[in-house]
Amino acid sequence: MRVLVHGLSSCVGGVESFLLNYCPVMSQVSPCLSFEYVVYDEVPSYATEKGLDRSALHVVPSRGASLRANREGLRRVIEGGGYDCVWGNFCSLSDMGPLMEARGSVPMRVAHAHSSRNMGTPLTAALHALHKGSVEGAATDLLSCSREAARFMFPAKLHHLESPRIVPNGVDVGRFAFDDDERQRIRRAWGLDDALVLVYLGRFSVEKNPHFAVDVLRALRSQGVDGRLVMLGDGPQRAEVSAQVEREGLSDAVLMLGTVSDVERYLSAADVLVMPSLFEGLPLALVEAQASGLGCIVSEGVPLEALLVPHVARLALTDPVEAWARRARDLGEMRRDRRLSAQMVADAGFDLQRNGRELAEWFLGRYDLRRS
């Protein structure tokens, strides 16, 4: 079964991490499943590092470059590929191009929701609202990372029985299990010593609210705590956040390390994840942090179904930043065995291997149904 996947952008975020995690597992458990990817304007810089085969990447112009060229490029890839399925991974329905171009030639067309609110411009929101009513004609099957994301992405009339199917953002719990040796190694290497280490993990973008994480660090240090902040990720606001760190005299307390391939080591080294997002679908970074046994302080923009272990606090962004700092300190100083958390996450239904196998079986079963 050949699947054309839409959802990879120029840098690694939640959707990209989901696909880079799930597709190899699905191919491994069901070798008859093969995945190719449509990307826009150029091959992403992370493609080789993440093990993507260049021959499986199809570059077409983006809508911003040329809507006409974008549609012609999609049509050419889809018509020439002999695909059994097109899998559209969306943060909004502002652009359903891959699904629309696949109508009439591809028997299975999947719309997969990954966000619970508009992440773009007012135009994006208007196009999403317009297309939401027509997704039933473009997609044959619906997936979602959470119930909240499903409500945002799909019309109420499509919410019935097991549709949309909820696909938890599972992680390799063994990989993210707490490792005390790595904790000590990273803390020595970066001079973190006995500090209370916060970690921000995600895209540097408006909806992720990275400036607030710096505010929490500032408040924590003003309370007399030797706090540090490790920031992992990249995105359009990175330069702004870097300027904020320098402006507030926090350069010696903040490590901005960009996108790293060994996230699990830094999670073991940290004490508390700070996730002040304006909204989320179901954040993969939070699942990873919980598997590592981190204390987690998150905003009310994070859905309740993403809270899998006891040591997670959910606060409003309207609460004083000092309250966030106090809660972060309490979580960081809480005594617990972090090694137990990976199994808690697996028991909550977020094990990548199990979920990948179930999703592969779902794809094959739905395809057989479509063919019959």
Side-chain angles (χ1 to χ4, degrees), residues 12-14 17 169 171-173 175-179 182-183 186-187 190 192 195-205 207-217 219-220 225 227-233 235 241 253-257 259-260 262-317 319 321 323-334 336 338-342 344-345 348 350:
V12 178
S17 294
N169 286 355
V171 303
D172 182 344
V173 293
R175 173 189 168 193
F176 286 95
F178 176 71
D179 187 326
E182 289 294 348
R183 175 181 175 83
I186 290 288
R187 290 176 78 96
W190 290 103
L192 299 173
L196 194 155
V197 179
L198 310 180
V199 61
Y200 170 90
L201 173 58
R203 196 187 300 268
F204 282 70
S205 54
E207 71 278 1
K208 300 294 185 182
N209 199 17
H211 294 279
F212 196 89
V214 179
D215 292 338
V216 174
L217 174 68
L220 185 67
V225 178
R228 313 287 179 87
L229 174 62
V230 177
M231 306 192 81
L232 306 175
V241 174
V254 178
L255 292 172
M256 299 183 67
L257 302 181
T259 301
V260 299
D262 51 353
V263 170
E264 65 278 8
R265 300 176 67 217
Y266 292 93
L267 293 182
S268 286
D271 301 299
V272 180
L273 175 82
V274 180
M275 181 171 282
S277 306
L278 303 183
F279 57 90
E280 290 281 355
L282 200 148
L284 191 66
L286 178 57
V287 180
E288 294 170 349
Q290 290 175 99
S292 184
L294 276 169
C296 301
I297 181 168
V298 306
S299 73
E300 290 182 338
V302 174
L304 287 170
E305 58 198 288
L307 279 53
L308 312 176
V309 297
H311 37 276
V312 181
R314 191 167 177 260
L315 277 68
L317 289 172
D319 288 341
V321 68
W324 280 68
R326 286 193 296 272
R327 198 71 185 95
R329 181 190 61 207
D330 292 343
L331 286 168
E333 294 175 351
M334 182 185 299
R336 61 183 180 278
R338 288 180 58 173
R339 295 170 297 180
L340 302 177
S341 295
M344 292 182 190
V345 169
F350 285 78

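No hydrogens, no waters, no symmetry mates; every other heavy atom, side chains included, goes into these values. These numbers come from a predicted model, not from an experiment.
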Could you check whether the rings of W190 and Y266 sit parallel, tilted or perpendicular, using 30° and 60° as the cut-offs?
tilted

For E300, give me all partners under side chain to side chain donor-acceptor pair (under 3.5 Å), at least two apart in sequence or on another chain.
none

Using a 3.5 Å cut-off and no angle test, enumerate the donor-acceptor pairs between side-chain atoms of residues 282-294 and protein atoms at least two apart in sequence or in another chain.
| from | atom 1 | to | atom 2 | distance (Å) |
| --- | --- | --- | --- | --- |
| Q290 | OE1 | L308 | N | 2.7 |
| Q290 | OE1 | V309 | N | 3.4 |
| Q290 | NE2 | L286 | O | 3.2 |
| Q290 | NE2 | A306 | O | 3.0 |
| S292 | OG | R338 | NH2 | 3.2 |

If the condition is side chain to side chain donor-acceptor pair (under 3.5 Å), which residues does D172 pass it with, not counting sequence neighbours?
none

Among residues at least two apart in sequence or on other chains, which ones pass side chain to side chain contact (heavy atoms under 4.5 Å, CB included) with S277?
K208, M275, E280, S299

R327 and L331, any side-chain heavy atoms less than 4.5 Å apart
yes

Compare every heavy atom of F350 with every heavy atom of E305, then report the nearest pair and how far apart it is.
O-CZ, 4.1 Å

Between side-chain atoms of residues 197-204 and protein atoms elsewhere (two or more places apart, or another chain), which donor-acceptor pairs fall under 3.5 Å?
| from | atom 1 | to | atom 2 | distance (Å) |
| --- | --- | --- | --- | --- |
| Y200 | OH | R203 | O | 2.6 |
| R203 | NH2 | E16 | OE1 | 3.4 |

Would a distance-only check, ignoring hydrogens and angles, find a side-chain to backbone donor-acceptor pair under 3.5 Å from W324 to A316?
yes

For a quick test of reading the model, state the closest non-hydrogen atom pair linking A177 to S268 and the distance between them.
O-OG, 4.1 Å

State the CD-CG distance between E182 and L267, to the nearest 0.5 angstrom.
11.5 Å

With sequence neighbours excluded, what pairs up with R329 under the side chain to side chain donor-acceptor pair (under 3.5 Å) test?
none

What one should report as the nearest heavy-atom pair of A328 and I297 is N-CD1, 4.1 Å

If you measure from CD1 on I186 to CG on D262, what distance do you get to the nearest 0.5 Å?
6.5 Å

Before accepting this row, confirm whether a basic side-chain N of the pair D319/R314 lies closer than 4.0 Å to the acidic partner's carboxylate O.
no

For the residue pair R336 and P310, establish whether any side-chain heavy-atom pair is separated by less than 4.5 Å.
no

Stepwise side-chain contact (heavy atoms from CB on, under 4.5 Å) check, V321 with F212
CA-CA 8 Å; V321 68; F212 196 89; 4.3 Å; yes

Any heavy-atom pair between the side chains of E264 and D179 that's under 4.5 Å?
no

Can you tell if the side chain of D271 reaches within under 4.5 Å of the side chain of R228, non-hydrogen atoms only?
no

Just verifying a value: how many Å separate L220 CG and L229 CG, rounded to the nearest 0.5 Å?
10.0 Å

